[in-house]
Each structure stands twice: as structure tokens, then as C-alpha cells.
K.L.:
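Here's a structure for you.
Letters go in sequence order (proteins before strands), and every chain restarts at 1.
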Amino acid sequence: MKNANSIRTIANRYASQLQLCDPKNPIASSLSRTVHAHMISSGFKPRGHILNRLIDVYSKTSKLIYARQLFDEIPQPDIVSRTTLIAAHSASGNLKLARDIFSKTPLQMRDTVFYNAMITAYSHNNDGHAAVELFCDMRRDNFKPDNFTFTSVLSALALVVGEEKQCMQMHCAVVKSGTGLFTSVLNALISVYVKCASSPFVSSRSLIGAARRVFDDMPKRDELSWTTMITGYVKNDDLEAAREFLDGMNEKLGVAWNALISGYVHHDFYQEALEMFRKMLMLGIQLDEFTYTSVISACASAGLFQLGKQVHAYLLRTEAKPTLDFSLSVNNALLTLYWKCGKIDEARVIFNQMPVRDLVSWNAILSAYVSAGRIDEAKSFFGEMRERNLLTWTVMISGLAQNGFGEDGLKLFSQMRLEGFEPCDYAFAGAITSCATLGVLGNGRQLHAQLVKSGYESSLSAGNALITMYARCGVVEAASCVFYTMPNVDPVSWNAMIAALGQHGDGVQAIELYERMLKKGILPDRITFLTVLSACSHAGLVEEGRRYFDSMHGLYGITPGEDHYARFIDLLCRAGKFSEAKDVIESMPFKPGAPIWEALLAGCRIHGNMDSGIQAAEQLFQLIPQHDGTYVLLSNMYATLGRWDDVAKVRKLMRDRGVKKEPGCSWIEVENKVHVFLVDDTVHPEVQAVYEYLEQLVLEMRKLGYAPDTKFVLHDMESDQKEHALSTHSEKLAVAFGLMKLPHGVTIRVLKNLRICGDCHNAFKFMSKVAGREIVVRDGKRFHHFRNGECSCGDYW
DNA sequence: ATAGGGTTAG
């Protein structure tokens, strides 16, 4: 008897000692260990609620092993200890062990709390379906769900909900169960409605309305209720309603303010975001890492470098000791601020100094190098990365594509898949852009098919990339097909399609499309004008071009940049309006740079306007003496005038100055109508010989009855120094007729790419098919005749 | 309950 009493006293003492082991208490872990040790040394065997309490404390202070040990020593664990351990395993993320205990527990032993623990376990580990399923099992087995059950299952449902019906069913169940007065249940219900509203297959308005009604009918609201509604409106793009709610809140809760600030930032309302930040400061609302990261990110997107730095400085001054997590996210935002404001090296310094870095930090620096076109650094940085995600690959692929490394881009795209990443639509867009820069239609088509197969058919970014790809590969029809079947288009799509038409010489159609865009109420931007001006220039639409140029500032308030002026001048000069072009140059608000003089020189070359041409060339020699294009243009201008001595002089000048001719294309006009594309004439030091040869060919063309306005391509196969690919056609000049329909740039890309592959034969097959014209390739005495993708050979003369 | 990397058009 005495013994039993003393044991009870001891037990009570242990119980109260364990009461002190609140998991929030920093010494809880060691204290519980001490108490437990004392039990063992004094021979006290914990049982019942003391044992459960011990298990609970262990599991909540990340000493799960001890908890499990204790549990395993119990011959027949009661329902409380089982419940406790399920919660413990759930907290450590081990769903399997939790489910083991659950399934080994006989039905007659179970109770509602036990089910609640398992439902919560699923919910916390993001397995919404399992949680909902278990909830159904539980009701089927006649266990009565309580308010905790509903809170758990609703938060699980919020993870997976996709249909309005599910929301309504659960709502009914809540009402019937009589738990519809609990704030926590109703909060969870609101969040179910809100989450469902953001799913793409439902009408968000009616669901957010349902959430609103739940909110309005609540007997008691807490901070969470308000915040859930506010974030709900933010997520459903109704910032005004969110703002109304925030203003209706009595308490000024930082979380709610942060949510709205982030909403403003995501919708590009940077001023509003910053305004709220100022107000928070004024009202003395507690700022936290979320506030700082959002505000710095707002500054980054708005290009407010100084302000962003000030916010950071304020943070360092006021926050006593930011935790590592805190500084991580803020530093990540800071990295973006720096690189978006052009301070790439400074961003790298911050990166190096960061105490902790994560993938976000690495991706930010990768984007920095890519955005600056510093591809070598981007490549080596990418190589250093130990961990990569979809975003990493996407940034690198599109970075390569945009900087002219299409082949590398495609290689990386397939490597990415080999490493087990399913490309998202942005990744596809990058790969498609790679195809566009290479002019490889077959590859592009394949990607298009894969894109559709992966379910990204209606993706905006991929669609826009496809338009450009098809256009650059010479199939405008496919480009317009993509454009007209896209479910959603944006200004980028319009620009891409206008450019596609313009590049193909369909200037009138390009302009018509532009007019249609205006009628739809879409505002042109600076890129629209670049494309429209090029299109006019291409089609010789001087009046229209002038009108559009004037409307830029007059109607749309866009100040023309140097690139716009350059295109306008190009337009005027091609039309022979040199005096007007000079007036424009003089009226420009800035000193003319290289693009302006290049446009002038190009026009002079076409019209044989020697005086202005030389003048422009001299300016260019001063501005960019090593630029090969100037020499080519100048020598072509002399060639147009038949002044072969001067051509030779320019060539000599080029050699003396050590200017290397990049492989590429240029063209001259012979007798006003015949265009000749030259690809890399470095192997012909005597350029005169080439031109004489051309003249001879023109005569031959005439004899053969070709129309005098036919464009043809002169392609030197041998000139590709880096390649081994000396195919059958490699040593001679190849002349291709009938490429009018292929835009200049495409011709270069296709030739270059196929030449790299060493497959000239297929290059011409390809072109004959795409251009829909016949191509004749000279190869010594032999000729190859390409027609509609087929080839026949014969003797030339 | 709130935050921090990306894409497409010239």
C-alpha cells in the first residue's frame, strides 16, 4: 500500500516535471532526457499518460528515435501513444511509418482523434487525396468527425481541389456535422473555396463569392479569416477587393499587408506596392522578411536601384539580427535588384559574400550573366552548379539561343531530358528559338509536335517562339497558322507575326496586320515600330513608313530611339530620298551613331550615291574601324559602279588594318535588278574576278531565259575553314537561282547550318522545296538542278 | 496565410 502510494507520488512528480518540457522551451529536449534518465536509474517504469507525454516531448523536440524506442518497448500500446507516434512520424516527414502504425491498429480500438492524426499526417505531407480518402473511410466506419477532423481534411482538400462540386459537398458535410461554428473549420473552408477558384477549369468569381459568403456569415473571425480572404482575392487577380478587405481590418496585420504588396508586385503595380510599404512604416506595422523581399523585388522590376539599396540599408539598420533564412531570401531579392539594374559584377560580389546560398541564388546569377550576353561566364557558372532545376536549364537554353548559340541550345535541351527533366513550355520556347536561329525546319517541327504532345499547345511563350521559328525557316504559312490558332495572343505575338510577314517581303500584309492590331485596341510598343518600319522599308512603302514614324511619338508617346531612326533612314535611302534622310539625321536629338551611318551607306550602295556613301563610310571608319561590314558595303558600292580599282583599294585597306571578314552574306546589285548574295569571300582575294564571273553568269542567265529580276545566291563552299566537310560541291562556286521567297537572313542561316553539317546537297534540296523555286548549283562543268526537293545532274555547257 | 530565379517579338 505504502509502496503504491509512493509510486503514485513519484509518478506525479515526473508528470509535473514533464509538464515543464514544453517543446517551445529551448531546454525541453535536454530536460526530458534528464527526467527520463532519472526514471531509468530509479527503476520507475513509465506507463499510461506519463509514457505518452514522454513520447510526445521526444517527438516534438526532434528526438524521434527515443520516442520510437519507447513506443517499441510497449507490449500493447494504447490508442493515445499510437496517435502521438503517428503525429511524430508525420512531423518528421515519414508518412510510411505513420501509415504502418495506423494500419496495424485494430478498428475497435480507433477513435476520432486517432483518425484526425492520420488525416493531418497526410495533409501536412501534401497528400491531399489520401487525406480525403481516409476521411471517407472514417465516416463509412461510423466515426464522427469533429472540428479538428474538418480543419485537417479541408486543408488537405485545398491542396487538390479542382471542382466546385467537391467544395460544395464538403461544405454540406461541415454544416451537417454541426462544426460550422468553429472559426478554424470555416477558415479552412474559405481556403478550399479560394484554392479552387484559382484552378483554371472553374469560374473563379462564383467560388470566391462562396468564400465571401462563408466569411460574412462567420460568428467569429480571426486574423486568419481576413488574411485568407485577402490572399484569395490577390491570387484571383482582384486587387481592389483585396484592398477593400485590408482597409476593413481593424488590426494592422503584417501578413495581410505583405500579401497585398506581393500581389501588386506580381501585377507590375510597383508604385502601389511601394506606397503600401511607406504606409506600413508610417503606421508602425511590423516589417518582416516577406515585406523586405517583396519591396526589393518591386524596386528591381521597376529599375529603382537607389531606392532598393536604401530599403536594404534600412533593414540592416533596424533589424537587430536577421536570421539566416531571413538574409537568404532578402539577399536573393537583392541579387535580382543588382543584375536587373545592370550591376552584374556587383551582384556576383554579393553572391560570393552570402552566408548561405540556395538554388534561387545560383539561378539569379546565371540569369545575370545570360541577360548581359556574357555567355562564357554563364556556361562556366552553369558547369559549377551542383544542383539544377527546370529553371536553371531553361535560363541556360534560352540564353544560348538568344546569343546565337543555337546548336548548343539544342544540345542542352536534349541533355536536360536525358537527366530526367520534363521540359516546361519556357524550355520548349528556348529550344524552338534555337531552331529559329539555325533555320532548321525539321527540328523545329519535331519540337512543335512534342510541345503539343506535352500539353503546352496553348502556351503563349512557346507559340510566340513558333511563329518566329517558322518565319525564319521560310514558311510564313505555318507561322500564321500558329498565330491564328493560338487561344490567347499578346503584343509579343502580334509583333512576331508582323515581323514574319515583313521579313518575307509581304510589307503590305504586314502593315495590314498592324492596322488590325490597332483596331483591336492593342497599343504598339517600340519593337512593333521597329518591325513595321522594316516592313515598309522592305516593301518600299515610303509614305506609310513616314506616317508610322511620325505617329510613334505623336500618337503613342514613344520616343524614337537610334534604332528607329536607323530604320527610317534606311527606308528613305532605299527610296533614294537622300536629302530628306540627311535632314532627318540633322534633326535627331542625338549625335548619329554607327547604325545611322550604316543605313545611309547601304542606301548609297544601292543607288550608287558615291559622295554620301564615302562620307558615311568615313564616319563608320572612325566609329567602328574594325567592323567588316563597312568595308564590304563600300566595296560593293564601287562594284555597283563598276569601279574595280576602288574595290581592290578597299580590300587592301581592309587587309592593312587587319580587319577579318566574318563568314556571312552580303549582296550587290548588278543592273539594278539582280541581287547577288556572297557568303564569305575571304578565299577570293581577287574580288574583281568574282564579279567578272558574276557578270558572265548574268549574261548566261539571260541566254537561258531567266527573268532579269531573279535573285540568286553565290555561295562559296570552300570558305568554311573550320570544317572538314568538303562534300562533292565544295571546291567550286555554287550559284543558286530563285531564292526570292527566302528572306536574306534565312538563306544565311540555312546555308551556314547545313554547311556545318557538311550536307550542301540537302541544303539546296531544302531550299528548293521551301522557296518553291528551282535552284541551279554550279560545280565546275557539272550542274545540279534542284526542283521541289529533288535533284538532277547534268553538264553545264 | 505572405517572399526570393525563368519565357516569347527586332
K.L.:
Taking the side chain of Ala429(A) as heavy atoms from C-beta outward, which of dA9(B), dG6(B), dT8(B) is closest to it?
P.N.:
dT8(B)
K.L.:
Is Asp563(A) paired with Arg567(A) through a side-chain N to carboxylate O contact shorter than 4.0 Å?
P.N.:
no
K.L.:
For Thr228(A), which contact category applies under a 4.0 Å heavy-atom criterion: base, sugar-phosphate, or nothing?
P.N.:
nothing
K.L.:
Atom OH of Tyr426(A) to atom P of dA9(B): distance rounded to whole Å?
P.N.:
14 Å
K.L.:
Would Phe290(A) count as stacking on dT2(B) if stacking means ring centres less than 5.5 angstrom apart and planes tilted under 30 degrees?
P.N.:
yes
K.L.:
Using a heavy-atom distance cut-off of less than 4.0 Å, which residues of residues 184-193 of chain A contact DNA chain B?
P.N.:
none
K.L.:
Base, sugar-phosphate, or nothing: which does Ser493(A) touch, judged by heavy atoms less than 4.0 Å apart?
P.N.:
nothing
K.L.:
Ignoring the backbone of Ala496(A), work out which of dG4(B), dA9(B), dA3(B) is nearest its side chain.
P.N.:
dA9(B)
K.L.:
Please report the shortest heavy-atom distance between Ala496(A) and Thr468(A), naming the atom on each side.
P.N.:
CB-OG1, 3.9 Å
K.L.:
May I have the distance from Leu501(A) (atom CG) to dA9(B) (atom P), rounded to whole angstrom?
P.N.:
16 Å
K.L.:
Determine if the base of dG6(B) is syn or anti; take syn to mean the glycosidic torsion is within 90° of 0.
P.N.:
anti
K.L.:
Return no unless some side-chain N or O of Lys195(A) is found under 4.0 Å from OP1 or OP2 of dA1(B).
P.N.:
no
K.L.:
Side chain of Thr468(A): nearest nucleotide among dG5(B), dG4(B), dA9(B)?
P.N.:
dA9(B)
K.L.:
Would you say the base of dT7(B) and the side-chain of Ser461(A) have a donor-acceptor pair closer than 3.5 Å?
P.N.:
yes
K.L.:
Which nucleotide in the set dT2(B), dG10(B), dG4(B) lies at the smallest distance from any side-chain heavy atom of Arg472(A)?
P.N.:
dG10(B)
K.L.:
Heavy atoms from C-beta onward define the side chain here; which of dA3(B), dA1(B), dG6(B) lies closest to that of Lys340(A)?
P.N.:
dG6(B)
K.L.:
Expressed as a whole number of angstroms, how long is the span from Ile344(A):CD1 to dG5(B):P?
P.N.:
16 Å
K.L.:
Whole Å only: how far is the NZ atom of Lys252(A) from the P atom of dA1(B)?
P.N.:
22 Å
K.L.:
By the salt bridge (charged side-chain N to carboxylate O under 4.0 Å, His left out) test, which pairs, at least two apart or in different chains, include something from residues 341-361 of chain A?
P.N.:
Asp345(A)-Arg374(A)
K.L.:
With sequence neighbours excluded, tell me which residues meet side-chain hydrogen bond (donor to acceptor under 3.5 Å, both in side chains) with Tyr270(A).
P.N.:
Asp268(A)
K.L.:
For the side chain of Val255(A), counting heavy atoms from C-beta on, which of dT8(B), dG4(B), dT2(B) is nearest?
P.N.:
dT2(B)
K.L.:
Looking only at the side chain of Glu289(A) (C-beta and beyond, no hydrogens), which of the listed nucleotides dG4(B), dT2(B), dA3(B) gets closest?
P.N.:
dA3(B)
K.L.:
Is a donor-acceptor pair below 3.5 Å formed from side chain Asn331(A) to base dG4(B), judging by atom type as modelled?
P.N.:
no
K.L.:
Provide, to the nearest angstrom, the distance between the CE atom belonging to Met354(A) and the C1' atom belonging to dG5(B).
P.N.:
12 Å
K.L.:
Is there any side chain to side chain donor-acceptor pair (under 3.5 Å) pair reaching into residues 224-233 of chain A, and which pairs are they, with sequence neighbours excluded?
P.N.:
Asn187(A)-Ser225(A), Asp222(A)-Ser225(A)
K.L.:
Please classify the nucleic acid contact of Trp339(A) as base, sugar-phosphate, or nothing, using heavy-atom distances under 4.0 Å.
P.N.:
sugar-phosphate
K.L.:
How close or far is atom C1' of dG6(B) from atom CG of Leu412(A), stated in whole angstroms?
P.N.:
14 Å
K.L.:
Look at the side chain of Ser534(A) and decide which nucleotide, out of dG6(B), dT2(B), dG10(B), has an atom nearest to it.
P.N.:
dG10(B)
K.L.:
Just to confirm, is there a sub-4.0 Å distance from OP1 or OP2 of dA9(B) to any side-chain nitrogen or oxygen of Thr531(A)?
P.N.:
no
K.L.:
Output the rounded distance in Å from CE (Met229(A)) to P (dT2(B)).
P.N.:
15 Å
K.L.:
Measuring from the side chain of Asp288(A) (C-beta onward, heavy atoms only), which nucleotide among dA1(B), dG10(B), dT2(B) has the closest atom?
P.N.:
dT2(B)
K.L.:
How is His266(A) classified with respect to the nucleic acid when contacts are heavy atoms under 4.0 Å: base, sugar-phosphate, or nothing?
P.N.:
sugar-phosphate
K.L.:
Which part of the nucleic acid, if any, lies within reach of Asp425(A) when heavy atoms closer than 4.0 Å are counted: base, sugar-phosphate only, or nothing?
P.N.:
nothing
K.L.:
Applying a 4.0 Å non-hydrogen cut-off, can you work out what Val360(A) is touching in the nucleic acid: base, sugar-phosphate, or nothing?
P.N.:
base
K.L.:
Consider side-chain contact (heavy atoms from CB on, under 4.5 Å). Of Asp490(A), Val482(A), Ile432(A), which one does Asn464(A) pass it with?
P.N.:
Asp490(A)
K.L.:
Nearest to the Ile527(A) side chain among dT2(B), dG10(B), dT8(B), which nucleotide is it?
P.N.:
dG10(B)
K.L.:
Quick check: closest heavy atoms across Ala256(A) and Met249(A), and the distance to 0.1 Å?
P.N.:
CB-SD, 4.1 Å
K.L.:
Would you say Gln402(A) reaches dT8(B)'s phosphate, i.e. side-chain N/O to OP1/OP2 under 4.0 Å?
P.N.:
yes
K.L.:
Only pairs at least two apart or in different chains count here, so list each ring-ring contact (aromatic ring centres under 6.0 Å, His included) that has a residue in residues 327-359 of chain A.
P.N.:
Phe305(A)-Tyr338(A), Phe351(A)-Trp362(A), Phe351(A)-Phe381(A)
K.L.:
Go through the steps for Phe413(A) and Phe428(A) under the test ring-ring contact (aromatic ring centres under 6.0 Å, His included), then give the verdict.
P.N.:
CA-CA 8 Å; Phe413(A) 185 71; Phe428(A) 270 111; 5.5 Å; yes
K.L.:
Can you list the residues that meet the side-chain hydrogen bond (donor to acceptor under 3.5 Å, both in side chains) rule with Lys340(A), with sequence neighbours excluded?
P.N.:
none
K.L.:
Does the side chain of Arg357(A) get closer than 4.0 angstrom to OP1 or OP2 of dG5(B) through an N or O atom?
P.N.:
no
K.L.:
Just checking Arg526(A): base, sugar-phosphate only, or nothing, at a heavy-atom cut-off of under 4.0 Å?
P.N.:
nothing
K.L.:
For the pair made of CG in Asn332(A) and C1' in dG5(B), what is the distance, rounded to whole Å?
P.N.:
8 Å
